[in-house]
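Structure first, commentary second.
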Amino acid sequence: MASSIPFPHQPISENPFPSTIVSSSSVSSHIGRSIGLPGVTSRVFPLRVSRGSSGKVRAAEISNQTRDSTNLRSVDLQMTEVPLLSSSEVVERLKTYQENRKSTQHYLAMYSSIFGGITTDPAAMVISLDDHMVHRGHGVFDTAAIMDGHLYELDQHIERFLKSASMAKIAPPFDPSSIRNVLIQTVSASKCMRGSLRYWLSAGPGDFQLSPSGCSTPALYAVVYQDQSPPYKKGVKVITSSIPMKPPQFAIMKSVNYLPNVLSKMEAEEKGAFAAIWLDDEGNVAEGPNMNVAFVTTDKELVMPYFDNILSGCTAKRVVVLAKKLVKEGRLAGIRVGDITMQEGKMAEEMMLIGSGILVLPVLQWDEQIIGNGKEGAVAQELLELIQEDMKAGPSAVRIPIPY
Ligand SMILES: Cc1ncc(COP(=O)(O)O)c(C=O)c1O
């Protein structure tokens, strides 16, 4: 069990959750989503709302778009008043929401420098709406895997995290070793032996301005979660992304601005693929929305694109180190980090996606092109085994034990 955090016990902000009320001069407006009431199925139906004489918001009219005899729930909601809740009612409703939440992911612990501690209650794992990361995307994040009670490549991920923070002009609230200590203690408190640790540095809460000058203290948040979705067993199909990739200045930092990445993933899913691959301005392979890409050429060279204009993947860099074993054993002719065009990539013997979430995932088809013989390649399989072994029994530089 984690010992208590030696610092900072007190909330950074004296008023960590300011009761900011956004007022609107108009008496009538549209709500584009369902009103989240415990027990009411979450659905999307635009409502026209207006204020009753009591000042409470009343759903008065349903737009034509949803006036549909099959949409009985929306008719129910026609007469539903939006309640004004006390803080304890909000907490109760958040608890109910978390209990009813259906997901393969379970949230085990959260740290927030705003409340200055760790909670294991998912209903309390909240951050403020006026946090500059929430309403302006002014935050950076990173993720490290928890494997058999150890954090894998934690220091490598923290190094990238702090570089991203510096590029986003966010001064961390604590020094690097204190951040590391907080992260380790959060995993310890979660009792999680196998899962993920995700953490954010934000310009912090303050106000709704564009400038972060009103955000008095940057914030550190971290969450430990367990994902129960089944592991990837088979190779996947990818497409070429039609969503423009981020310019290098933004692609090399892991900021929370993942809209291009999300749209790219959605484009892939809409086309029955696992991921969409970005090409740079010269037509060279760049990366996927949350993974790097590598190839094995017909002359058995492992090729990975330069990291200059894309995210410097911790897993991909570790794969480059581990792959040296395959070169020694004669199963790879060499390893090269350099340019590779889409045409060269499509003609490769093997293609694979690499990242902390997927580890090494073979690609069997890119657009209409079958890669190699259309089967999971031997090198991808061996690299997956090497990285799995490294996670379980690698050197201390990549495995940080958690003191539970
Ligand atoms: C855009 C992008 N590229 C590559 C990666 C792979 O990085 P890592 O291996 O450190 O997970 C990620 C990871 O989230 C990513 O978001």
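When a ligand or atom number is given, it counts from 1 through the structure's own listing order. Hydrogens, waters and symmetry mates are skipped; everything else that's a heavy atom, side chains included, is used.
- What sits closest to atom 15 (C) of ligand 1 on the protein, heavy atoms only, is N290 CA, 3.3 Å.
- Taking the six-membered ring for Trp and thresholds of 30 and 60 degrees, F208 and H135 have ring planes more than 60 degrees apart, a perpendicular arrangement.
- Look at G357 and you'll find every heavy atom at least 4.0 Å from all atoms of ligand 1.
- Checking only distances, H157 never comes within under 3.5 Å of ligand 1, N or O to N or O.
- Among all protein heavy atoms, the one lying closest to atom 16 (O) of ligand 1 is Y258 OH, 2.4 Å.
- In terms of protein heavy atoms, atom 8 (P) of ligand 1 is closest to S356 OG, 3.4 Å.
- For atom 13 (C) of ligand 1, the nearest protein heavy atom (residue, atom name, distance) is K254 NZ, 3.4 Å.
- Contact between I310 and I252 at its shortest, heavy atoms only, is O-CG2, 3.5 Å.
- A cation-pi contact links K265 to F274, judged by a cut-off of 6.0 Å to the six-membered ring centre and 45° from its axis.
- Each of the atoms 8 (P), 9 (O), 10 (O) of ligand 1 lies under 4.0 Å from some heavy atom of C314.
- The closest side-chain heavy-atom distance from N261 to S264 is not below 4.5 Å.
- What sits closest to atom 6 (C) of ligand 1 on the protein, heavy atoms only, is N292 OD1, 3.5 Å.
- With 3.5 Å as the limit, one finds no donor-acceptor pair spanning the side chains of T297 and E349.
- Checked against the 6.0 Å centroid criterion, the rings of Y258 and F141 qualify as a close aromatic pair.
- With respect to atom 3 (N) of ligand 1, the closest heavy atom belonging to the protein is E287 OE1, 2.7 Å.
- No side-chain donor-acceptor contact under 3.5 Å links K317 and N292.
- In terms of modelled atom types and a separation under 3.5 Å, the side chain of E344 and the main chain of T341 share a donor-acceptor contact.
- Using a 4.0 Å cut-off between heavy atoms, A251 makes no contact with ligand 1 at all.
- Inclusion of G288 in the set of residues having an N or O under 3.5 Å from an N or O of ligand 1 is not warranted.
- Among the atoms of S312, none of the N or O lies under 3.5 angstrom from an N or O of ligand 1.
- Interatomic distance, S103 OG to Y225 OH, rounded to the nearest 0.5 Å: 10.5 Å.
- For ligand 1, one of its N or O atoms has an N or O atom of R160 under 3.5 Å away.
- Scanning the protein for heavy atoms near atom 9 (O) of ligand 1, the closest one is T315 OG1, 2.5 Å.
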